[in-house]
Protein chains: 2
Amino acid sequence: MPKVSEQHRIDRRDEIVDAALRCFRRKGFQSTSMAEIISESGLSAGAIYGYFTSKSEIILAAATKIVTGWLRDLDHLSQLDPMPEPSEMVRGLVRGLLDSLRSPAAIVQVWGEAATDPALLELCAGIFDRLRDAIVLYLERWQQSEHGLSQPDAHRLSVIQAPLFLSAVQGFAVQDTLFADFDREAYLTTSLNQLPR
Amino acid sequence: MPKVSEQHRIDRRDEIVDAALRCFRRKGFQSTSMAEIISESGLSAGAIYGYFTSKSEIILAAATKIVTGWLRDLDHLSQLDPMPEPSEMVRGLVRGLLDSLRSPAAIVQVWGEAATDPALLELCAGIFDRLRDAIVLYLERWQQSEHGLSQPDAHRLSVIQAPLFLSAVQGFAVQDTLFADFDREAYLTTSLNQLPR
DNA sequence: GTCTATACCAGGATAGAC
DNA sequence: GTCTATCCTGGTATAGAC
């Protein structure tokens, strides 16, 4: 299979997914029709079905892009030097979310959809596992270096704390999506500082 | 309008909404067809359209039930005596959620849908406003009685802290919905204790 | 008030020309 | 590889009998 053609295929799929994402943002996954995606992409029905076999395949690709985009350098989280404070760590996660999506509404839509769609559920579960593991690892190192805890103690505490840090990120997304007058900066600066250290 | 007939109307609507809720939980709002709601309710199409004019009206009624059910005695939050600790307060909110819904997945579905549906957005925004106000009021009183802050200082701090407490509730719902191995009790007992006092 | 049957329409997917 | 035209399913809502 020629490399150029394969690259072309990937690019085209990506174009289509981006067009679909713009539609999904406005109308949600199920209420967006193929006709809208076709029109938004500037392509034709036949062309699109050459790259995807069904609408649900497009939904899955779009959700994957939404959910994974902001996690590029997650693995470096526990290796940063100097180590950021916990609240600073959460701030970084949220900033990544904002950089990658402009508005976190898309990710809340994915979560809602995942409640009834096994493929999306698996996708989200996988992401959350990675995210939680990374947070635990970071916290573990932080507790050791900052408070001199032994490794086992640091680990125990990290496992307890991690879900709350995860909630701080998820809560940001939910409140940003649903509060008309949500104050992003206040949340990021002052509210997050209330997290444990 | 006769009282009995009016009560009958309310009861029937409620029956229909409950049937719809069971369907929505399985398939989501948009992917559930009227045929499924009709079958689940045991009624007929004609009967249902006598009580609701459209599917979206049923969705709105169902979402309203999901989103408001767990907030019955929210106003008493700041008047409890003795005052619960902040973490205990959050625990109470989450327990209310679990009592009212069994699984919080439904509420995550509503949030996702609200991202693209103005009527649901307004519904959720209203609820969150009430919830945040109640939390601020509670925290304000807690900071005064527990730490002896002046009313203005207590208010300032409460406004800063409230979004994070809200996140603790929202994060519970999201993680419970999406983590296969989410440990509810660990979150409620140990994790929540990490919240500021 | 409720049921059955059905009209009507929109949506996803495809066939076949270019 | 891509476009147009179209098929056909399945969905919402209603009409009319009981």
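Chain letters run A, B, ... following the sequence lines, proteins first and then strands; every chain starts at 1. This one's a predicted model, so the numbers in the text were calculated from it and none came from an experiment.
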What is the distance, rounded to the nearest whole Å, between atom [atom1] of [X] and atom [atom2] of [N]?
| X | N | atom1 | atom2 | value |
| --- | --- | --- | --- | --- |
| A/Q30 | C/dG11 | CD | C1' | 12 Å |
| B/I59 | D/dG11 | CD1 | C1' | 13 Å |
| B/R13 | C/dT2 | CZ | P | 14 Å |
| A/I38 | D/dT4 | CD1 | P | 11 Å |
| A/L43 | D/dT4 | CG | C1' | 14 Å |
| B/E6 | C/dG1 | CD | C1' | 15 Å |
| B/K55 | D/dA13 | NZ | C1' | 13 Å |

Exercise for review: Not counting sequence neighbours, which residues clear salt bridge (Lys or Arg N to Asp or Glu O under 4.0 Å) with A/D75? List them please.
Suggested key: none

Exercise for review: Using salt bridge (Lys or Arg N to Asp or Glu O under 4.0 Å) as the criterion, list what pairs up with B/R25, not counting sequence neighbours.
Suggested key: none

Between [options], spot the one nearest the side chain of [X], thanks.
| X | options | result |
| --- | --- | --- |
| B/R12 | D/dT14, C/dT2, D/dT2 | C/dT2 |
| B/S54 | D/dA13, D/dT12, D/dT2 | D/dA13 |
| B/H8 | D/dT12, C/dT2, C/dT14 | C/dT2 |
| B/S44 | D/dC3, C/dA13, C/dT2 | C/dT2 |
| B/Y51 | D/dA13, C/dG11, C/dT2 | C/dT2 |

**Study point:** Short side-chain N/O contact from A/Y49 to OP1 or OP2 of C/dA13, under 4.0 Å
**Key:** yes

Check your understanding: DNA chain C: A/A45 or A/S31, which has the more 5' nearest nucleotide?
Key -> A/S31

Check your understanding: Taking the nucleotide of DNA chain C with the closest heavy atom to each, which residue, A/M34 or B/I48, is nearer the 5' end?
Key -> B/I48

Review point. Mind checking whether B/H147 and B/W142 have parallel, tilted or perpendicular rings, split at 30° and 60°?
Key: perpendicular

Review point. Can a donor-acceptor pair be found between the side chains of B/S54 and B/Y49 at a distance below 3.5 Å?
Key: no

Review point. Quick one: which of A/V67, A/L60, A/I66 gives a side-chain contact (heavy atoms from CB on, under 4.5 Å) with A/T64?
Key: A/L60

Review point. Base, sugar-phosphate, or nothing for A/S56, non-hydrogen atoms under 4.0 angstrom?
Key: nothing

Check your understanding: Reckon B/G50 touches a base, only the sugar-phosphate, or nothing at all at heavy-atom distances under 4.0 Å?
Key -> nothing

Revision key, fill the gap. Residues in residues 14-29 of chain A with a heavy atom under 4.0 Å of DNA chain C, by number, are none

Exercise for review: Please confirm whether A/R184 makes a cation-pi placement over A/F172, using NZ or CZ under 6.0 Å from the six-membered ring centre and within 45° of the ring normal.
Suggested key: no

Point to revise | A/Y187 six-ring face occupied by A/R91 cation (under 6.0 Å, within 45°) | key: no

